[in-house]
*Asks:* 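The structure is given below, and queries will be raised subsequently.
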Amino acid sequence: MAAGPLKRPALWVLLLMVAALLMAGCATPRDPRKDQEFQSLASITDRPVVRPTRSISSFSDSLMCMDHMLREAQLPTTLITSKQIPDYSTRVTVATKDMIITALSQMSRLSNAFRFVDYEVDIARQDTVQNLTTILLNNNQMQLQRPALYLSGAISFVDQNVINNRFDTGLSGPRIDMGYSQSRNATIIGLEMHLGDFRTRTLIPGLDSANEVIIGNGGQGIDLAGRIGTYGVQFNVGRDYTQGSGGAVRTLVDLATIELIGKWARVPYWQCLTLEQNHPDFQRQLRDWFDEGTPAVRTQLITRSLVSRGYLAPFTSPLPDNDPALRKALARFQADNGMVVTGVVDFPTYERALRHFVGLSAEGTLTRIGWAATHAQPVQSAAASPATPGTTGVDGVSNDPDAPRYGAAAPARTINLQIENVLLERTAFEVGEQVFLSATVSRTSYLQCYLADATGTIIRLLPNQANSTGWVSANQAIRIPDWMSPNPGFIMDAASPGTEGVACFATDEDSMARLPEDLRGPPLKPLKNYRTLEGLNLAFAAAWGSEGYTGNAVYWQVVPRRVMPVAPAQPAPRK
């Protein structure tokens with residue numbers, strides 16, 4: 001019995017000795033060399049594990065729709081700027097002005113409708129561009145063009161927790177405690193925007209937009225605690241979501257920009273606001289369909305879409321995800337559609353490739369058109385018919401039924417050529433009058449453009465000194481010449497009476513090495529042995545075959561300069 005009481009003090013003494021040793025060890029500085037292997041993982045751990053995606057809103061497709069609509073209206077390029085868009089609630093600190101710039105840029109890729117004048121003096125932030133601008137302006141070495149329009153507005157209010165719902169309950173007993181909680185709330189963000197005339201600094205009546213959006217958050221959790229003998233056990237499980245203010249403000253900015261520009265340009269902008277892609281649950285529904293299908297089904301669906309769009313040659317057996325041709329096609333498709341290029345079948349690519357095959361059912365819900373989630377169906381091509389030269393319309397199809405066909409077999413790629421002079425549908429110019437064109441390719445390509453005058457002289461306009469390769473991005477208008485540049489490189493005048501025209505040819509690779517020697521000369525110089533645009537078309541067909549290139553042309557008439565009537569001389573007054 002005497003040994004019993006001695007064992008417990010001995011155990012406590014042992015525990016005190018161990019604690020003392022640990023404290024002494026903690027007091028000694030640790031050797032960082034022993035952590036070398038652990039620290040070597042820091043640079044890898046610091047990197048994100050999810051690929052970045054392009055920031056889009058529910059109205060991103062509406063902005064592209066507005067771009068096409070403004071091009072059809074043939075509006076001249078307008079200089080525009082914006083004031084800072086403050087947040088008087090101080091609860092939504094986002095870069096609203098930069099969102100406006102992005103929205104205007106997305107509405108001008110095809111139409112060249114707007115150019116943003118980027119000049120703002122911020123005394124609190126003197127950056128390099130601002131300092132250099134001030135120096136050059138003071139020395140008369142820089143010229144700023146006055147914008148015609150400006151945007152003004154503010155995040156007018158943020159009403160937090162307008163509605164709030166909470167539910168809490170619990171149960172307690174001798175050996176168990178349990179609780180359940182649930183909460184939901186909604187916040188409203190309002191944005192006011194206006195369009196003004198910069199020359200008079202007056203806001204144009206009727207050109208205003210006042211919209212609000214609701215964002216919410218919610219969560220639920222379970223708490224469980226119990227006791228088994230002398231031991232206690234505790235669990236806590238919760239699920240929460242929060243809708244951020246950044247995406248909500250981008251949605252408001254895109255909507256306001258569409259409304260203001262549509263009203264100012266007098267175009268039916270509401271047609272761009274009724275797209276299926278504007279449905280609030282559009283991306284969520286596509287994500288559900290994406291998760292339902294297997295990786296093989298996703299790859300097959302996207303592959304069929306790429307084939308129909310001309311990014312990939314037809315195949316007889318399914319392609320694996322790591323196939324080099326598929327990865328290259330995916331990368332080009334992603335670049336052309338403004339996505340982050342990954343070369344893999346991810347959800348953004350899935351959503352962009354199949355978004356045009358989604359519609360609204362009679363019940364008002366989103367439904368698949370031409371494809372299913374569990375097995376792949378043939379995807380119908382949405383590409384336009386091959387383009388032909390002539391006086392082209394907005395869709396790139398010739399209005400001249402007698403015009404020859406240029407490179408018509410390249411699948412799903414079109415070249416849109418449009419005369420950009422102020423008068424609509426103009427096809428005749430006087431001798432010496434300047435002609436302005438724009439060219440747009442539906443896929444990123446190498447572009448070559450040639451001018452043929454009435455005397456049979458042909459010169460190459462593109463590539464030139466400003467763009468030595470002719471590489472152009474998809475769905476972005478190229479000005480010929482660039483009338484917004486102070487040094488456009490060349491001008492295009494109507495030379496002599498007769499028919500003149502411009503033809504452009506697009507290929508997936510640089511054409512210079514394949515073309516005849518006479519076509520490799522310097523730009524803006526007459527070509528030897530070529531007198532017509534049809535002859536150039538034959539040269540491209542011989543170099544690339546009918547399947548390897550796409551071409552289009554636009555023609556106009558040149559008439560003699562009108563002689564202005566001379567007013568009869570008035571007799572001199574008598575003295």
*Asks:* For a quick check under 3.5 Å, do Gln476 and Thr440 share a side-chain donor-acceptor pair by atom type?
*Replies:*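 Result is no, nothing qualifies.
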*Asks:* Verify whether one side chain among Ser438 and Gln418 offers a donor that lies under 3.5 Å from an acceptor in the other.
*Replies:*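 On atom types as modelled, these side chains do not qualify, holding no pair under 3.5 Å.
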*Asks:* Indicate the atoms forming the closest heavy-atom contact of Ala265 with Leu75, along with that distance.
*Replies:*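 So the minimum-distance heavy-atom pair works out to CB-CD1, 3.4 Å.
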*Asks:* To the nearest 0.5 angstrom, please state how far the SG atom of Cys449 sits from the CZ atom of Phe505.
*Replies:*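 If I round to the nearest 0.5 Å, the distance is 9.0 Å.
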*Asks:* Which pair of non-hydrogen atoms, one from Leu252 and one from Ile189, has the smallest distance, and what is that distance?
*Replies:*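 Shortest heavy-atom contact: CD1-O, 3.7 Å.
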*Asks:* Give a yes-or-no answer on whether the side chains of Arg109 and Ser105 include a donor-acceptor pair shorter than 3.5 Å.
*Replies:*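 On atom types as modelled, these side chains do not qualify, holding no pair under 3.5 Å.
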*Asks:* Taking Ile163's backbone N and O only, do any of them form a donor-acceptor pair with Asn161's side chain (distance below 3.5 Å, no angle check)?
*Replies:*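 No, the answer is negative, given that no donor and acceptor are paired below the 3.5 Å cut-off.
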*Asks:* Heavy-atom count around Lys83 NZ within 6.0 Å, excluding the residue itself: above 12?
*Replies:*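 Atom NZ in Lys83 is not crowded, with 12 or fewer foreign heavy atoms closer than 6.0 Å.
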*Asks:* How long is the straight-line distance from CG of Leu104 back to CZ of Arg115, given to the nearest 0.5 Å?
*Replies:*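 Nearest 0.5 Å value for the CZ-CG distance: 13.5 Å.
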*Asks:* Does the gap between the ring centers of Phe490 and Trp483 come in under 6.0 Å?
*Replies:*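 Here the rings of Trp483 and Phe490 have centres that are no less than 6.0 Å from each other.
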*Asks:* Would you call the rings of Trp556 and Phe429 parallel, tilted or perpendicular if under 30° counts as parallel and over 60° as perpendicular?
*Replies:*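 It falls in the perpendicular class, over 60°.
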*Asks:* Answer with yes or no whether the side chains of Asp67 and Ser111 bring together a donor and an acceptor at under 3.5 Å.
*Replies:*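 Yes, Asp67 and Ser111 have a side-chain donor paired with an acceptor closer than 3.5 Å.
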*Asks:* Looking just at side-chain N and O atoms, do Arg71 and Asn416 make a donor-acceptor pair shorter than 3.5 Å?
*Replies:*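 A donor-acceptor contact under 3.5 Å links the two side chains.
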*Asks:* Rounded to the nearest 0.5 Å, what's the gap from CG on Asp98 to OG on Ser82? Could you check?
*Replies:*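 OG of Ser82 is found 9.5 Å from CG of Asp98.
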*Asks:* Between Asp197 and Thr200, do the side chains contain an N or O donor and an N or O acceptor separated by less than 3.5 Å?
*Replies:*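 Side chains of Asp197 and Thr200: pair found under 3.5 Å.
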*Asks:* What's the separation between atom CD1 in Ile101 and atom CD in Gln106, rounded to the nearest 0.5 Å?
*Replies:*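 Answer for the CD1-CD pair, Ile101 versus Gln106, is 12.5 Å.
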*Asks:* Mind checking whether Tyr350 and Phe290 have parallel, tilted or perpendicular rings, split at 30° and 60°?
*Replies:*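 Plane angle over 60°, so perpendicular.
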*Asks:* If we ignore hydrogens and angles and just use 3.5 Å, is the side chain of Arg54 paired with the main-chain N or O of Gly338 as donor and acceptor?
*Replies:*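 Yes: the side chain of Arg54 pairs with the backbone of Gly338.
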*Asks:* Please name the pair of heavy atoms, one in Ala248 and one in Val213, separated by the smallest distance, quoted to 0.1 Å.
*Replies:*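 Smallest interatomic distance, heavy atoms only, reads CB-CG1, 3.7 Å.
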*Asks:* State, without any angle test, whether Arg479 and Asn112 hold a side-chain donor-acceptor pair at a distance under 3.5 Å.
*Replies:*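 A donor-acceptor contact under 3.5 Å links the two side chains.
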*Asks:* Going from CD on Glu259 to CG on Asn211, what distance comes out if it is rounded to the nearest 0.5 angstrom?
*Replies:*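 Here the rounded value is 4.5 Å.
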*Asks:* Looking at every heavy atom in both Ala474 and Thr444, which two are closest together, and how far apart are they?
*Replies:*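 Result for this residue pair: N-OG1, 3.2 Å.
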*Asks:* Take atom CD of Gln160 as the centre, draw a 6.0 Å sphere, and report whether it contains more than 12 heavy atoms from other residues, nucleotides or ligands.
*Replies:*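 Check passes, neighbour count above 12.
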*Asks:* Using only heavy-atom distances, determine whether the side chains of Glu192 and Ser209 contain a donor-acceptor pair under 3.5 Å.
*Replies:*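 Side chains of Glu192 and Ser209: no pair found under 3.5 Å.
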*Asks:* Verify, without hydrogens or angle tests, whether Asp346 (side chain) and Thr349 (backbone) share a donor-acceptor contact under 3.5 angstrom.
*Replies:*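 Side chain of Asp346 to backbone of Thr349, a donor-acceptor pair under 3.5 Å: yes, one is there.
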*Asks:* Please determine, by modelled atom types, if Asn185 and Asn217 share a side-chain donor-acceptor pair under 3.5 angstrom.
*Replies:*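 Yes.
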*Asks:* Quick check: closest heavy atoms across Ser442 and Asn475, and the distance to 0.1 Å?
*Replies:*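 In this case the closest contact between Ser442 and Asn475 is CA-OD1, 3.6 Å.
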*Asks:* Would you kindly say whether Gln448 and Tyr450 are connected by a side-chain donor-acceptor distance under 3.5 Å?
*Replies:*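 Side chains of Gln448 and Tyr450: pair found under 3.5 Å.
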*Asks:* Mind checking the CZ-CG spacing from Arg413 to Asp508? Nearest 0.5 Å is all I need.
*Replies:*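 That separation rounds to 4.5 Å.
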*Asks:* For the residue pair Leu63 and Met107, what are the closest heavy atoms and their distance?
*Replies:*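 Smallest heavy-atom distance, with atoms named: O-CG, 3.6 Å.
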*Asks:* Side chains of Ser57 and Asp254: any donor to acceptor distance under 3.5 Å?
*Replies:*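 On atom types as modelled, these side chains qualify, holding a pair under 3.5 Å.
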*Asks:* Is it true that, when you exclude Phe347 itself, more than 12 heavy atoms of the residues, nucleotides or ligands shown sit nearer than 6.0 Å to its CZ?
*Replies:*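 Atom CZ in Phe347 is crowded, with more than 12 foreign heavy atoms closer than 6.0 Å.
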